[in-house]
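Just below is one structure, and these are the notes that go with it.
In what follows, chains are A, B, ... by sequence order, proteins preceding strands, each numbered from 1. No experiment lies behind these values; they were computed from the predicted model shown.
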Protein chains: 2
Amino acid sequence: MSHKLKEVLKNISIDCVIFGFNNNELEVLLIKRAVNPYKDYWALPGGFIKKNELVKEAADRILFETTGINNIFLEEFEIFDSVDRFPLWRVLTLGHYALISPNLYHLSTGSDSLEVKWFSINELPDLPFDHLHIINTALMKLRNRVRYKPIGFELLPAKFTLPQLQKLYEVILGKELDKRNFRKKIMKMKLLKMLNEKDKNNIKRPALLYKFDNKNYNRLKEKGFVFEI
Amino acid sequence: MSHKLKEVLKNISIDCVIFGFNNNELEVLLIKRAVNPYKDYWALPGGFIKKNELVKEAADRILFETTGINNIFLEEFEIFDSVDRFPLWRVLTLGHYALISPNLYHLSTGSDSLEVKWFSINELPDLPFDHLHIINTALMKLRNRVRYKPIGFELLPAKFTLPQLQKLYEVILGKELDKRNFRKKIMKMKLLKMLNEKDKNNIKRPALLYKFDNKNYNRLKEKGFVFEI
DNA sequence: TTTTATTAGTGTATAAATTACACTTTTTAA
DNA sequence: TTAAAAAGTGTAATTTATACACTAATAAAA
């Protein structure tokens, strides 16, 4: 790690599970570790919290330093506390996750990472520590959360189509949705702004483009609106 | 604290917010601190995690040592990480909460607590550290959680009446519910076992007693049932 | 230019759930 | 025996959820 042990809280670390959506599949961002233990292994971006850092600040910094990604909404989802999960000493890890639209972020390595890459969650490499368990836990939490908070939208480009949104939810929830009912339900929530543009990506019947109306979502939320899919 | 600093992870502590339900009010369990800082103050039961302890084990032990309560379901709900929240050094606190039926548990003090007592959440004493913030956050999380998981039942005695259950939900959710609709909704879920007994507590028309059918709840859950109030 | 192919977009019927509401019954206390 | 207090109950209207097939709009192919 790039920071001296004396600068950090050596018993508390952070691991980040960054989900993306591509080719109608969920993906997760991994780094190739530059340091031991498990040098050269693909693993979750992670690191230790500095002594005077808030958890949120640390998560943002660690993610940026290892992958080049910043300015995303990281959320704590679980504490991983097995006694021997880190081979050298006792470490509790605060798991964080985020959903991002992969094409919006430029990836770069840092001193702790040799390489950064997206992996389909259906084709993960061997992972060190309990990182597979962390990813699976994050996925379970994501599946539940996405139904009660409009975080799924973060996985789409700023401009998206209703068929894309539906596909995203089908992939996350693992079930087929009726497009008539899905469309009616979403449109009724009044969370989308229709754009006077169509998706022109080699499609016979180009679909209308929308964007998420965050301002209206917050306004409705204050009035007691509850998102649910 | 009763444990030597060298035995614990001094940067990670646990605070427990234990909710009870009494006189149609939510209550929270506090201890009078036996040690500095803030000796003699009423505060949340808390302590440090031992070096080879799982978070869950630590939470259970800390709660038992400070209040005499054990064998309850503690759940982590938030991390409190302000840099100066503990005056002597950097401490991150893993907030845990639980709901219990107060009459089922015998309270006792330990070496860290001079006294243990229930306080109405509407009449809290001055609290040290950020304990008021911790309690308010727990309450917010509780209000949401109680709608999507049948944890509210934990606040009632093993045998309870439907009017008691409704009152509990009204208190937690902060709104009045129609007793006809509430009764229909609850009975339809098939989570209660009707007892051939009535509540005989100085009531003109004694109500039927029920108990929560955990076995059936788990069976229904496996079949895809989702609790929601 | 016309035809074909592919996908987006739409409407209707039924079932289920939610919401709003007042009176009857059952017990204990007076 | 009567009064009081609370539990228990049913109905109607509205909203939401679910299931389903055809039409329309475009680009590619002929």
Side-chain angles (χ1 to χ4, degrees), chain A residues 23-24 146-148 150 153 156-157 159-171 173-212 220 223-229, chain B residues 21 23-24 146-148 150 156-157 159-171 173-212 220 223-229:
Chain A
N23 293 333
N24 289 336
V146 89
R147 295 189 56 227
Y148 301 103
F153 292 87
L156 296 170
K159 300 180 180 182
F160 55 87
T161 71
L162 280 182
Q164 278 173 329
L165 181 65
Q166 177 179 341
K167 194 60 172 176
L168 170 69
Y169 269 94
E170 286 180 338
V171 162
L173 299 181
K175 66 179 182 180
E176 205 169 324
L177 303 172
D178 181 89
K179 66 170 167 173
R180 291 151 290 204
N181 295 331
F182 182 80
R183 177 178 285 258
K184 273 189 302 191
K185 183 170 196 136
I186 292 293
M187 298 313 289
K188 200 171 67 138
M189 294 193 195
K190 296 196 183 303
L191 300 180
L192 301 186
K193 198 173 276 178
M194 190 195 299
L195 309 173
N196 278 335
E197 291 168 56
K198 292 195 170 179
D199 180 24
K200 294 301 185 61
N201 287 324
N202 300 333
I203 289 173
K204 297 304 178 60
R205 177 170 175 174
L208 286 166
L209 287 167
Y210 295 83
K211 58 196 269 190
F212 184 69
L220 291 169
K223 290 179 181 175
F225 167 78
V226 172
F227 179 88
E228 187 169 336
I229 285 198
Chain B
F21 183 62
N23 291 333
N24 289 335
V146 89
R147 296 190 59 230
Y148 301 103
L156 296 170
K159 300 178 180 180
F160 54 87
T161 71
L162 280 182
Q164 278 173 330
L165 181 63
Q166 176 180 340
K167 195 63 171 178
L168 170 68
Y169 269 94
E170 284 180 340
V171 163
L173 299 180
K175 64 178 184 179
E176 205 170 324
L177 303 172
D178 183 87
K179 65 169 167 175
R180 290 152 289 205
N181 296 331
F182 183 79
R183 179 179 286 257
K184 273 191 299 196
K185 185 171 193 134
I186 293 293
M187 299 313 287
K188 198 171 70 137
M189 293 192 197
K190 297 197 182 303
L191 300 180
L192 301 186
K193 197 173 277 177
M194 188 196 302
L195 307 173
N196 278 334
E197 291 167 56
K198 292 194 169 182
D199 181 24
K200 292 302 185 57
N201 288 323
N202 301 332
I203 290 175
K204 300 304 177 66
R205 176 170 176 170
L208 284 164
L209 287 167
Y210 295 83
K211 58 196 269 190
F212 184 67
L220 291 170
K223 291 179 181 173
F225 167 78
V226 171
F227 178 90
E228 187 170 336
I229 284 198

Response to the item:
Output for pair (I186(B) CD1, L191(B) CG), nearest 0.5 Å, gives 7.5 Å
For a quick test of reading the model, state the closest non-hydrogen atom pair linking [X] to [Y] and the distance between them.
| X | Y | answer |
| --- | --- | --- |
| P206(B) | K198(B) | O-CD, 3.7 Å |
| K211(B) | L195(B) | CD-CD2, 3.6 Å |
| Y169(B) | F227(B) | OH-CZ, 3.5 Å |
| L162(B) | F182(B) | O-CE2, 4.2 Å |

Rounded to whole Å, how long is the line connecting atom [atom1] of [X] with atom [atom2] of [N]?
| X | N | atom1 | atom2 | answer |
| --- | --- | --- | --- | --- |
| E176(B) | dA20(C) | CD | C1' | 13 Å |
| F182(B) | dA17(C) | CZ | C1' | 16 Å |
| D199(A) | dA27(D) | CG | P | 11 Å |
| M187(A) | dG11(C) | CE | P | 12 Å |
| L195(B) | dA7(D) | CG | P | 17 Å |
| L177(B) | dA20(C) | CG | C1' | 13 Å |
| K167(A) | dT7(C) | NZ | P | 11 Å |
| L165(A) | dA8(C) | CG | C1' | 14 Å |

Item to complete: For dT10(C), take OP1 and OP2 only and decide whether either is under 4.0 Å from a side-chain N or O of R183(A).
Response: yes
Discussion item. Tell me whether the side-chain N or O atoms of R205(B) pair up with the base of dA6(D) as donor and acceptor below 3.5 Å, since no angle test is needed here.
Written reply: no
Discussion item. Given the structure, check if the side chain of K179(B) and the base of dA7(D) hold any donor-acceptor pair shorter than 3.5 Å.
Written reply: yes
Fill in: First encountered from the 5' end of DNA chain D, between Q164(B) and P206(A)
Q164(B)
Response to the item:
5'-most contact on DNA chain D (nearest-nucleotide basis), Y210(B) vs E228(A), goes to Y210(B)
Worksheet item: Among the nucleotides dG11(C), dA8(C), dC21(C), which one has an atom lying closest to any side-chain atom of R180(B)?
Response: dC21(C)
Practice prompt. State which of dG8(D), dT26(C), dT26(D) makes the closest approach to the side chain of K198(B).
Written response: dT26(C)
Practice prompt. Give the intermediate values and the outcome of side-chain contact (heavy atoms from CB on, under 4.5 Å) for residues M194(A) and L192(A).
Written response: CA-CA 6 Å; M194(A) 190 195 299; L192(A) 301 186; over 6 Å; no
Worksheet item: Under 3.5 Å, is there a donor-acceptor pair between the side chain of R147(B) and the main chain of I229(B)?
Response: yes
Response to the item:
When K204(A) and D178(A) are each assigned the nearest nucleotide of DNA chain C, the 5'-most assignment goes to K204(A)
Identify each atom pair where a protein N or O and an N or O of nucleotides 11-14 of chain D are less than 3.5 Å apart, giving names and distance.
{"unit_1": "dT11(D)", "atom_1": "O4", "unit_2": "K184(B)", "atom_2": "NZ", "d": "2.6"}

